[in-house]
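The next block holds one structure in the form of structure tokens; read it before the comments.
Just so you know, residue 1 is the first one in the sequence shown, and it goes up from there.
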Amino acid sequence: MFRHHRLRLCLCVLAIASTDLGASEAESAPEAPAVPAERPALPSRSESMAAELARQLPSTEVLRLQASDEAFVALWRPANVAEPKGLVILLPGAGESADWPRGIGPLRRGLPDYGWHTLSVSLPDSPGLLPPATPEPEREPPAEEDGSSETPAADSDPQATPNEAGYLPEETATAPNESTSEAVQAEPAPSTEPDQGPQLVERIDGRIDAALAHARALQPGLIVLLGQGTGGYWAARYLQQLAPEDVRHLLLIQPRQPEGQEEPLAQLVPALKLATGDFFYQNGTAARAEARARLNASRRIQHPAYHQVGLPALIDDRESEQQQLLRRVRGWLDKQP
């Protein structure tokens, strides 16, 4: 009996020891690494601006078009006349929205009063974009009075006032992170993904395709492609590559060559040989030189309908500056056959 009691005692001791050992091993075992939850990708700057425009503008102005496998926002305004003259498709520059406060926005809202439908297209961001893409114009001291009051001739050294951030107080949605400091106006950084350049070109061409398809469904009679900044380059390149017969005129507002594109505007634009209005501001040395190169190239090939218009920059009166641009663009359109 005593022997059985001692055996049971030994078994209890062994059970307690094994329990303690198992607990200590469990405590010392390393924990499995936590799997981080996948976070949704943040929208691009162009997508954020387009979403803000869609939220703030009337639903009658906001269109959602489809280009291949991606949807994008375009802004529509019908002509405010009984017999419209045609339709203008507007392409903003890099870092700009479809309702940018200089150029694109005032033109898309103002041209309908003079008989033109407008369709302003949101374009995708360039790789490595640091907004806004268009730098501040060079400030030049006022010229000394010489008794002359002539407006600079269209073929004189050109002018340049690129876009700057900030929206007009009415009928315009705000865009995020619009700063005019030098730090954010540098050129876009080179892309670390080699296929982003071709992808960007394909996406832009796809959006122009979709805008043209929508325009053609309305049977406007005359279609005009208008590009501002780098949007001017994309418009000219599209016309060079695809040459749609129903796009009769090209309008350029302070055109600029995008990062990574090799063909200069001076070769690209004059070679199109369709009615072209090239508008630029005259207070930047570099912009004047670029505009002069485009003008000289058009003269060398005897372009039949290339017209360059130099605009003086009204630095202290943006509203008057934009009204002047609207008058000049409308005047150029009215002169075309």
Side chain to side chain contact (heavy atoms under 4.5 Å, CB included), that's the test. Do Val329 and Leu251 meet it? Break it down for me.
CA-CA 8 Å; Val329 169; Leu251 277 165; 3.8 Å; yes
Side-chain donor or acceptor of His117 paired with backbone N/O of Ala79 under 3.5 Å
yes
Given the rule in the side chain to side chain contact (heavy atoms under 4.5 Å, CB included) test, do Asp209 and Leu242 qualify, once you have shown the distances and angles that lead to the verdict?
CA-CA 10 Å; Asp209 281 339; Leu242 300 175; 4.1 Å; yes
With a 3.5 Å cut-off and no angle check, do the side chains of Tyr238 and Asp205 form a donor-acceptor pair?
no
Using modelled atom types and a 3.5 Å cut-off, is there a donor and acceptor pairing between side-chain atoms of Ser120 and backbone atoms of Arg108?
no
Return the CG to CD1 distance between Leu91 and Ile204, rounded to the nearest 0.5 Å.
8.5 Å
Approximate separation, where rounding is to 0.5 Å, of Lys273 NZ and Leu250 CG:
15.5 Å
May I ask you to say whether Glu52 pairs ionically with Arg55, meaning some side-chain N is under 4.0 Å from a carboxylate O?
yes
Show, in sequence, the C-alpha distance, side-chain angles and deciding distance for Tyr114 and Leu326, and conclude whether the side chain to side chain contact (heavy atoms under 4.5 Å, CB included) test is met.
CA-CA 10 Å; Tyr114 300 100; Leu326 175 60; 4.1 Å; yes
dist Leu119:CG -> Glu61:CD (nearest 0.5 Å) comes out at 11.5 Å
Any sub-3.5 Å donor-acceptor pair from Ser122's side-chain atoms to Ala98's backbone N or O?
no
Is any side-chain heavy atom of Pro255 closer than 4.5 Å to one of Tyr233?
no
Contact between Trp332 and His249 at the side-chain level, heavy atoms closer than 4.5 Å - yes or no?
yes
So do the side chains of Arg300 and Pro270 get within less than 4.5 Å of each other, counting heavy atoms only?
no
Just checking Arg330: does its CZ atom have more than 12 heavy atoms from other residues, nucleotides or ligands closer to it than 6.0 angstrom?
yes
Answer whether the closest heavy-atom distance between the side chains of Arg109 and Asp99 falls below 4.5 Å.
yes
State, without any angle test, whether Glu96 and Gln228 hold a side-chain donor-acceptor pair at a distance under 3.5 Å.
yes
In this structure, OG of Ser97 is separated from CD1 of Ile104 (nearest 0.5 Å) by 9.0 Å
For Thr118 and Trp76, run side chain to side chain contact (heavy atoms under 4.5 Å, CB included): C-alpha distance rounded to whole Å, both residues' side-chain angles, the deciding distance at 0.1 Å, then the answer.
CA-CA 6 Å; Thr118 60; Trp76 161 257; over 6 Å; no
Assigning hydrophobic clusters by single linkage (Ile, Leu, Val, Met, Phe, Trp, Tyr; side-chain heavy-atom cutoff under 4.5 Å), is Leu65 placed with Leu218?
yes
Backbone N or O of Leu274 within a donor-acceptor pair of the Thr276 side chain at under 3.5 Å?
yes
Given side chains that start at C-beta, do those of Val201 and Gln261 come closer than 4.5 Å, heavy atoms only?
yes
Pairwise side-chain contact, Leu222 with Leu87, heavy-atom cut-off 4.5 Å (strictly under)
no
Under a 3.5 Å distance rule, please check whether Glu70 uses its side chain to pair with a backbone N or O of Gln66 as donor and acceptor.
no
Nearest heavy-atom pair of Pro220 and Ala215: which atoms, and what distance?
CD-O, 3.0 Å
Test item: Glu290 side-chain N/O and Arg256 main-chain N/O as donor-acceptor pair under 3.5 Å:
no
Examine the side chains of Glu263 and Gln240 and answer whether a donor and an acceptor come within less than 3.5 Å of each other.
yes
Nearest 0.5 Å please: distance from the CG atom of Leu226 over to the CD1 atom of Ile253.
5.0 Å
Would you indicate whether the side-chain heavy atoms of Val309 and Asp278 approach each other to under 4.5 Å?
no
Grouping I, L, V, M, F, W and Y whenever their side-chain heavy atoms are under 4.5 Å apart, do Leu252 and Ile301 come out in a common cluster?
no
With a 6.0 Å cut-off (strictly less than), is the heavy-atom count around CD of Gln241, excluding the residue itself, greater than 12?
yes
Would you find a donor on one side and an acceptor on the other, under 3.5 Å apart, between the side chain of Gln308 and the backbone of Ala291?
yes
Where the side chain of Ser298 meets the backbone of Leu295, is there a donor-acceptor pair that is under 3.5 Å apart?
yes
Using 0.5 Å steps for rounding, measure from the CG atom of Asp317 to the CD atom of Gln323.
10.0 Å
